[in-house]
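First comes the structure, then the notes that go with it.
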Amino acid sequence: GYVGVIGQQEGLDLLVQSAAHLTGVMGRTDVHFGIVGGGPALNEVQADVRAKGLERFFTFTGRASNDLLLDMLNTADVCVNPDRATPMNDLSTMNKIMEYMTLMKPVVQYDLKEGRASAADASLYARQNDPVDFAEKIAILLDDPAARARMGKIGRARIEGGLSWAHSIPNLLAAYERLFTKIGK
């Protein structure tokens with residue numbers, strides 16, 4: 001499962017390459033990619049899926065209601081964050097990671113600093129921008145339901161623990177207080 005914007009930096013082109021590796025070289029026919037979201041690269045990604053003959057392995061919903069989004073993610077065994085390694089992505093917390101962990105889904109993503117800080121052991125990490133390694137990490141989780149369940153629990157615990165708004169509010173308020181104190185001087 002994938003949810004988010006479909007633009008250049010989100011790496012959906014890399015995900016299509018991973019799907020081609022999974023279904024071609026690795027011979028996996030037990031995989032289907034549910035893609036929820038829209039964006040400037042949607043048509044390009046869909047054309048790439050068609051060009052590679054992968055249509056039967058993909059469902060694109062475009063922008064979707066919350067109910068459809070939850071239905072798609074709740075049926076996923078594994079959720080993916082194929083954001084390519086860029087300076088911005090390396091230091092950005094992605095909402096999709098938090099949403100996946102909230103739903104107790106294990107994650108596969110490229111090894112980016114903030115992605116690792118957010119997900120920790122709730123994710124497997126592929127080498128940056130390496131769609132073959134990404135495909136192999138997906139396959140590892142598809143073949144290991146116990147690992148998926150364990151990682152899902154870890155992710156949910158991270159959300160309910162230090163990553164929740166309840167834990168973030170004091171730090172955010174303290175940052176605003178420091179800022180307002182500096183501005184006031």
Side-chain angles (χ1 to χ4, degrees), residues 1-64 67-86 89 94-97 99-101 103-112 115-116 118-119 121-152 154-155:
Y2 171 88
V3 62
V5 174
I6 301 176
Q8 179 63 29
Q9 71 272 10
E10 281 78 27
L12 272 290
D13 59 321
L14 297 173
L15 183 62
V16 173
Q17 292 176 45
S18 296
H21 185 78
L22 264 171
T23 60
V25 175
M26 296 177 78
R28 301 291 297 244
T29 58
D30 62 340
V31 63
H32 192 88
F33 294 85
I35 310 297
V36 180
L42 176 59
N43 291 336
E44 183 180 324
V45 171
Q46 290 173 318
D48 192 22
V49 166
R50 284 190 300 278
K52 289 179 170 51
L54 298 171
E55 299 100 314
R56 71 186 179 115
F57 298 107
F58 279 83
T59 297
F60 292 91
T61 67
R63 290 186 57 86
D67 288 341
L68 179 56
L69 180 147
L70 286 172
D71 286 347
M72 290 287 282
L73 291 182
N74 280 325
T75 62
D77 291 317
V78 176
C79 287
V80 295
N81 176 30
D83 287 351
R84 64 180 67 256
T86 66
N89 286 346
M94 301 303 171
N95 288 342
K96 64 179 132 294
I97 299 297
E99 292 165 348
Y100 300 159
M101 292 191 310
L103 296 172
M104 298 180 68
K105 299 299 179 177
V107 181
V108 173
Q109 60 184 313
Y110 290 114
D111 195 2
L112 302 176
R116 188 175 282 275
S118 297
D121 292 333
S123 182
L124 293 183
Y125 301 92
R127 288 184 299 273
Q128 293 184 352
N129 304 339
D130 183 341
V132 170
D133 193 36
F134 201 91
E136 291 169 355
K137 298 296 189 279
I138 292 171
I140 287 169
L141 288 178
L142 290 176
D143 292 338
D144 193 343
R148 292 195 313 263
R150 183 181 70 255
M151 292 168 69
I154 290 169

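From a predicted model like this one, the values you see are computed outputs, not experimental measurements.
- Partners of R63 by salt bridge (charged side-chain N to carboxylate O under 4.0 Å, His left out), not counting sequence neighbours: none found.
- Applying the side chain to side chain contact (heavy atoms under 4.5 Å, CB included) criterion to D130, with sequence neighbours excluded, gives R127, V132, D133.
- Atom CG of D48 and atom CG of L12 lie 10.0 Å apart (nearest 0.5 Å).
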For this session: Please assess D143 against R148 for the test salt bridge (Lys or Arg N to Asp or Glu O under 4.0 Å), listing each intermediate value before the final yes or no.
Result: CA-CA 9 Å; D143 292 338; R148 292 195 313 263; over 6 Å; no
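- If you take OH on Y110 and CZ on F134, they are separated by 5.5 Å, rounding to the nearest 0.5 Å.
- A147 meets the side chain to side chain contact (heavy atoms under 4.5 Å, CB included) test with L141, D144, R150; sequence neighbours excluded.
- With hydrogens and angles disregarded, no donor-acceptor distance shorter than 3.5 Å links the side chain of E44 to the backbone of A41.
- Here N129 contributes atom CG and D83 contributes atom CG; the two are 10.0 Å apart, rounded to the nearest 0.5 Å.
- Across all non-hydrogen atoms, the minimal contact from A122 to M101 is CB-SD, 3.8 Å.
- For the pair N89 (side chain) and R84 (backbone), a donor-acceptor distance under 3.5 Å is present.
- In this structure, the side chains of V107 and M151 stay at 4.5 Å or more apart for every pair of heavy atoms.
- Nearest heavy atoms, A139 versus M26: CB-CE, 3.5 Å.
- Taking the side chain as every heavy atom from C-beta outward, T29 and T23 never approach each other to under 4.5 Å.
- Residues V80 and L15 form a side-chain contact, since some pair of their non-hydrogen atoms from C-beta on lies under 4.5 Å apart.
- Q109 and S123 are linked by a side-chain donor-acceptor pair at a separation below 3.5 angstrom, with hydrogens and angles left out of the test.
- Minimum interatomic distance between D13 and V45 (heavy atoms only, all atoms of both residues): N-CG2, 4.4 Å.
- Taking the side chain to side chain contact (heavy atoms under 4.5 Å, CB included) definition, one finds that E99 meets it with V3, N95, K96, sequence neighbours left out.
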Enumerate, atom names and distances included, each donor-acceptor pair closer than 3.5 Å involving a side-chain atom of residues 70-79, sequence neighbours excluded.
from, atom 1, to, atom 2, distance (Å)
N74, ND2, L70, O, 3.1
T75, OG1, D71, O, 3.3
T75, OG1, M72, O, 2.8

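- The pair D111-K137 does not meet the salt-bridge criterion, since no charged nitrogen lies less than 4.0 angstrom from a carboxylate oxygen.
- In this structure, L112 CG and M94 CE are separated by 7.5 Å, a value rounded to the nearest 0.5 Å.
- A distance of 12.0 Å separates CD in E10 from CG in L42, rounded to the nearest 0.5 Å.
- Shown here is E136, whose CD atom has more than 12 heavy atoms of other residues, nucleotides or ligands within 6.0 Å.
- Remark: F58 engages V16, A19, F33, I35, V49, L54, F60 in a side chain to side chain contact (heavy atoms under 4.5 Å, CB included) (not counting sequence neighbours).
- Between S118 and I97, the shortest heavy-atom distance links the atoms CB-CG2, 4.2 Å.
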